[in-house]
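Positions are given from 1, in the same order as the sequence printed here.
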Amino acid sequence: MTAFSRFDPRLQEKIVNNLGWTSLRPVQDMAGQTILDGKNCVVLAPTAGGKTEASIFPVLSGCLSEPKDGLRALYICPTRALINNQEERLSRYAEMVGMGSFKWHGDVTPSQKKAFLKEPCEIILTTPESLEVMLDSGSVPTAKLFENLRYVIVDEIHALAACDRGNHLICVLERIQAYAQEDFQRIGLSATVGNPEEIMRWLQGSSLRETMLVDPPRKVSKKDISIYLSEDDRELEDQVVASAHGLKSLLFCESRRLAEGIAGKLKKSGEPVFVHHSSLSREEREYSELQFSRGREACIVCTSTMELGIDVGDLDKVLQVNTPHTVSSFLQRMGRTGRREGTISNTTFFIAEEKYFLQALAIIELARSGFVETVRTNASAWHILLHQVMALCLERGGIARRDPWRLLGRTSCFKDISDEQVSRFVDFLLSKEFLHDDGGTLSMGLAAEKAFGRKNFMELYSVFSTPQEFEVIGVSGDVIGSIEWAFLEKLLEDDASFYLAGHPWTVERIEWKKKAVFVVRAPAGKIPKWGGISPGFLGYDVSRKMRDILVSTDEYTYLRDDGRSLLASLRSDKRDFLASAFAPIEYDHKGVLWYTSAGGYVNSSLRFALKIELGVDVQATNEYIKISSETLPWNEFSFALERMSSPGYWDDPELYRKMTTLMPNYRMSKFQGYLPDELQLKLVADTLLDIDGVKRFLKQA
């Protein structure tokens, strides 16, 4: 029996007659069966693989078969842009069977939300932060709203599981579960990831439902890969213009500065160009998406904001300046093409630096082998626990001492935290007046109200820190986008001109109280800048693959003559040395160079341990570890490696404590500063270190 045959007859009729479908895709049939069986699941399929329909059709069928009043399903997206993009499609599917959908986020007016609450429809599209606002707002009758909730769909779940926003979300879902009359189904939609079972466990939480991974076999399809090398920026820009001409394409850049600079060059060439990144105004981004989805031949120059499945229609090409840092990102981006009959997925790289050339080869070859990175999840997210204790106080007015752990104790992001540790943590919050104890009922203390009480506790509605931003306003009064305060300060020191929305602008005046920058178009010849920074750390597998490519004799058919020549030159320089050992070492009177090729996270971890072991200056890159010392004897370094490779070395809590004290005072969370000192250090260490990766490396070194 197919999933379609199990759908409610009213849905079957609409799928055939309204949509003109004659069959379901394999992923839709498998997901349909699983969801109709009442199981929690993670549905894996590439971009444009039909995941949305795979989840929403059985949900609609379930709502038809078991009708109840009010809200029945949540559809959660990482971004407002993705909600806006999905809204039309989900609304169409709901309406064709007599149901309704409503998007709830910060751009929706209070009057629209009020109207919804008077008469809730079956489906809400929302973000994790907006769910928090709903729970904490006195104007939302949460107990009534969520009592008949039956389904929760989390789109692009892989993007959430790896970050604080995802851990925040699974906590919010547990708090919503307290109001629901039944154990609602949890459905995650994801591109391919390396550890889907862990993502499933992460989503499961306190649910007692059976779980299933929906991962249908994929057809091996041809891919079109091209790599263009350039000796200077002008040549690279000319190559981009030629490749984008007359086609509908996405051009990915690894920083806003690069995106804005190349968009400016494309506009000068006369090419139709749109720009899409997080610092543009909502109107600018939505205009780009709308024009593009209507089929206009143009190029959207973007950062990773266009990676998360926003539907801009059929693409001819994906263009990439330099290279993404992960195989996952590469597959997401390439998957935007090859959707039309008779077309194939493609990516064209434009590379100016040697390191990006090797990085691109490594990512392509890992993808060809079927590798995808695992998503790192946090099992002791103390800063999230602090946030949730405060949010629960705000939501409920007062809580019993056991309430936070009773509601949240089975959440994946707290699985490595014990009951005893939580009790000590509550004592700490009481001692710091973050909590107030009134005869066994805990409420928000004076220190918490002072820290988070501004603007009706807006600080508690999200777990991430929002940089202070200034609106950029043009001559006509239109909002072009925003720039961060820190960038604005640097800008005024050197040059009051910058790129935004693909145009160069000159600052006319700044109104600091209004947080507004008034600009005019920059004159010809003025060289603007942008303050974007590319992330630096590569993962272990990408870094090792870069080394493996250098020591191998493999040929890559997608390389042009200049690429083959460059690869041969790099191999000639480095093959013999890198092939001499798994991780060869150079030692001389200036110190040690250890070519680990293990990536930034592993090398950072090794760096701090070596500093403790040897008491000397140690530096780390993705490729190597450098010890600068003219007095370090070889045997001391050798003995240090032996100790670091011994069983149990990396499990010593004292080593961990010492390593954390050597780390920079990075601010990883806006709640970090309110934690006990040792937990603040742990948060930084969990973000920067990869102890499991170190153990894996040392077993082979």
J.: Could I get the full list of salt bridge (Lys or Arg N to Asp or Glu O under 4.0 Å) partners for Lys574, not counting sequence neighbours?
T.: Glu354
J.: Would the distance check show the side chain of Asn346 and the main-chain N or O of Val318 forming a donor-acceptor pair, the cut-off being under 3.5 Å?
T.: yes
J.: Which atom pair, heavy atoms only, marks the closest approach of Leu366 to Lys545?
T.: CG-CG, 3.9 Å
J.: Identify the two heavy atoms, one from Ser190 and one from Lys51, that lie closest to each other, and give their separation to 0.1 Å.
T.: O-CD, 3.4 Å
J.: Can you find a pair of side-chain heavy atoms, one from Ile417 and one from Phe425, that are under 4.5 Å apart?
T.: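 Not in contact.
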J.: Can you tell me which residue among Asn378, Asn167, Thr377 is in a side-chain hydrogen bond (donor to acceptor under 3.5 Å, both in side chains) with Trp202?
T.: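 When side-chain hydrogen bond (donor to acceptor under 3.5 Å, both in side chains) is applied between Trp202 and each of Asn378, Asn167, Thr377, only Asn167 qualifies.
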J.: Hey, what do you get for OG (Ser412) to CE (Met200), rounding to the nearest 0.5 Å?
T.: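 Between atom OG of Ser412 and atom CE of Met200 there are 11.0 Å.
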J.: Please answer whether the main-chain N or O of Leu593 pairs with a side-chain N or O of Asp588 as donor and acceptor at a distance below 3.5 Å.
T.: no
J.: Nearest 0.5 Å, what's the CD1-CE distance between Ile363 and Met546?
T.: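 If we round to the nearest 0.5 Å, Ile363:CD1 and Met546:CE are 8.5 Å apart.
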J.: Flag the pair His325 / Ser329 as yes when at least one side-chain heavy-atom distance between them is below 4.5 Å, and no otherwise.
T.: no
J.: What pairs with Asp562 under side chain to side chain contact (heavy atoms under 4.5 Å, CB included), at least two apart in sequence or on another chain?
T.: Leu229, Arg560
J.: Contact between Arg547 and Tyr595 at the side-chain level, heavy atoms closer than 4.5 Å - yes or no?
T.: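 They are not in contact (no side-chain heavy atoms under 4.5 Å apart), so the answer is no.
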J.: With sequence neighbours excluded, what pairs up with Ile225 under the side chain to side chain contact (heavy atoms under 4.5 Å, CB included) test?
T.: Phe330, Met334, Thr347, Phe349, Ile364, Tyr558
J.: Do Cys171 and Phe414 touch side chain to side chain, with heavy atoms closer than 4.5 Å?
T.: yes
J.: Output, in order, the C-alpha distance, side-chain angles, deciding distance and verdict of side chain to side chain contact (heavy atoms under 4.5 Å, CB included) for Glu586 and Phe577.
T.: CA-CA 10 Å; Glu586 286 184 339; Phe577 174 69; 3.5 Å; yes
J.: Please walk me through it: do Leu614 and Leu632 pass side chain to side chain contact (heavy atoms under 4.5 Å, CB included)?
T.: CA-CA 8 Å; Leu614 301 173; Leu632 177 67; 4.1 Å; yes
J.: Closest approach of Leu251 and Gln320, non-hydrogen atoms and distance?
T.: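 Between these two residues, the closest heavy atoms are CD1-N, 4.1 Å.
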J.: Counting only N and O atoms by type, is there a donor-acceptor contact under 3.5 Å from the side chain of Gln359 to the main-chain atoms of Pro324?
T.: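 Side chain of Gln359 to backbone of Pro324, a donor-acceptor pair under 3.5 Å: yes, one is there.
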J.: Evaluate Leu160 against Glu156 for side chain to side chain contact (heavy atoms under 4.5 Å, CB included), listing each step before the verdict.
T.: CA-CA 7 Å; Leu160 286 167; Glu156 305 288 357; over 6 Å; no
J.: Please determine, by modelled atom types, if Asp164 and His387 share a side-chain donor-acceptor pair under 3.5 angstrom.
T.: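 The criterion, which ignores hydrogens and geometry beyond distance, is not satisfied for His387 and Asp164.
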J.: Okay, side chain of Thr79, backbone of Leu82: is any donor-acceptor separation there less than 3.5 Å?
T.: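 Looks like yes, one N/O pair under 3.5 Å.
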J.: At what distance, to the nearest 0.5 angstrom, does CD1 of Ile300 lie from CZ of Phe252?
T.: 9.0 Å
J.: Among all residues two or more places apart in sequence or in another chain, which pass the salt bridge (Lys or Arg N to Asp or Glu O under 4.0 Å) test with Arg575?
T.: none
J.: Do the side chain of Gln672 and the main chain of His383 share a donor and acceptor less than 3.5 angstrom apart?
T.: no
J.: Are more than 12 heavy atoms from other residues, nucleotides or ligands located less than 6.0 Å from atom CZ of Phe357?
T.: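 Counting neighbours around CZ of Phe357, more than 12 heavy atoms of other residues, nucleotides or ligands fall under 6.0 Å, so yes.
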J.: Find the distance between CG (Leu361) and OG1 (Thr323) and round it off to the nearest 0.5 Å.
T.: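 Between Leu361 CG and Thr323 OG1, I get 9.5 Å after rounding to 0.5 Å.
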J.: So, does Arg571 use its side chain to make a donor-acceptor pair with the main chain of Ile549 at under 3.5 Å?
T.: yes
J.: Considering non-hydrogen atoms only, spot the tightest contact between Tyr649 and Ala609 and give its length.
T.: OH-CB, 4.1 Å
J.: Are Asp692 and Arg696 within salt-bridge range, i.e. N to O under 4.0 Å?
T.: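 Looking at Arg696 together with Asp692, the answer is no, because their closest N to O distance does not fall below 4.0 Å.
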J.: Before accepting this row, confirm whether a basic side-chain N of the pair Asp561/Arg564 lies closer than 4.0 Å to the acidic partner's carboxylate O.
T.: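 Here Asp561 pairs with Arg564 in a salt bridge, since their nearest N and O are under 4.0 Å apart.
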J.: Is the closest side-chain heavy-atom distance between Leu681 and Met663 below 4.5 Å?
T.: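 When only atoms from C-beta onward are counted, Met663 and Leu681 do not touch, as no gap falls below 4.5 Å.
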J.: Are more than 12 heavy atoms from other residues, nucleotides or ligands located less than 6.0 Å from atom OH of Tyr228?
T.: no
J.: Going by side chain to side chain contact (heavy atoms under 4.5 Å, CB included), name the residues that satisfy it together with Ser543, two or more places apart in sequence or in a different chain.
T.: Leu538, Asn622
J.: At what distance, to the nearest 0.5 angstrom, does NZ of Lys317 lie from OG of Ser243?
T.: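 If we round to the nearest 0.5 Å, Lys317:NZ and Ser243:OG are 4.5 Å apart.
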J.: At their closest point, which heavy atom of Ser230 faces which heavy atom of Leu236, and how far apart are they?
T.: OG-CB, 3.3 Å
J.: Please determine if Lys695 and Asp651 form a salt bridge, counting it only when a charged side-chain N lies under 4.0 Å from a carboxylate O.
T.: yes
J.: When rounded to the nearest 0.5 angstrom, what distance separates CZ in Phe350 from CD in Glu237?
T.: 11.5 Å
J.: Answer yes or no: does atom CD of Glu654 have more than 12 heavy-atom neighbours from other residues, nucleotides or ligands under 6.0 Å?
T.: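 Atom CD in Glu654 is crowded, with more than 12 foreign heavy atoms closer than 6.0 Å.
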J.: Examine distances only and state if a side-chain atom of Thr211 and a backbone atom of Cys41 form a donor-acceptor pair shorter than 3.5 Å.
T.: no
J.: Are any of the side-chain heavy atoms of Ile612 and Leu655 separated by less than 4.5 Å?
T.: yes
J.: Return all side-chain donor-acceptor pairs below 3.5 angstrom for residues 634-644, not counting sequence neighbours, or 'none' if the list is empty.
T.:
residue: Arg643; atom: NE; partner: Glu613; partner atom: OE1; Å: 2.8
residue: Arg643; atom: NH2; partner: Glu613; partner atom: OE1; Å: 2.7

J.: Between Leu688 and Ser604, is any pair of side-chain heavy atoms under 4.5 Å apart?
T.: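 Side chain of Leu688 against side chain of Ser604, heavy atoms only: no contact under 4.5 Å found.
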J.: Would a distance-only check, ignoring hydrogens and angles, find a side-chain to backbone donor-acceptor pair under 3.5 Å from Gln680 to Leu675?
T.: yes
J.: Verify, without hydrogens or angle tests, whether Ser628 (side chain) and Asp617 (backbone) share a donor-acceptor contact under 3.5 angstrom.
T.: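 A pair under 3.5 Å: no.
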J.: Looking at side-chain heavy atoms only, is the closest gap between Leu683 and Leu679 below 4.5 Å?
T.: no
J.: Considering non-hydrogen atoms only, spot the tightest contact between Arg376 and Leu689 and give its length.
T.: NH2-O, 2.8 Å
J.: Could you walk me through whether Phe608 and Thr660 pass side chain to side chain contact (heavy atoms under 4.5 Å, CB included), step by step?
T.: CA-CA 8 Å; Phe608 291 121; Thr660 56; over 6 Å; no
J.: Should the ring pair Tyr540 and Phe697 be called parallel, tilted or perpendicular, given that the plane angle runs from 0 to 90° and is split at 30 and 60?
T.: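 Perpendicular, since the angle between the ring planes exceeds 60°.
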J.: Looking at Pro128, is its backbone amide N or carbonyl O close enough to the side chain of Arg165 to form a donor-acceptor pair, meaning the two atoms are under 3.5 Å apart?
T.: no
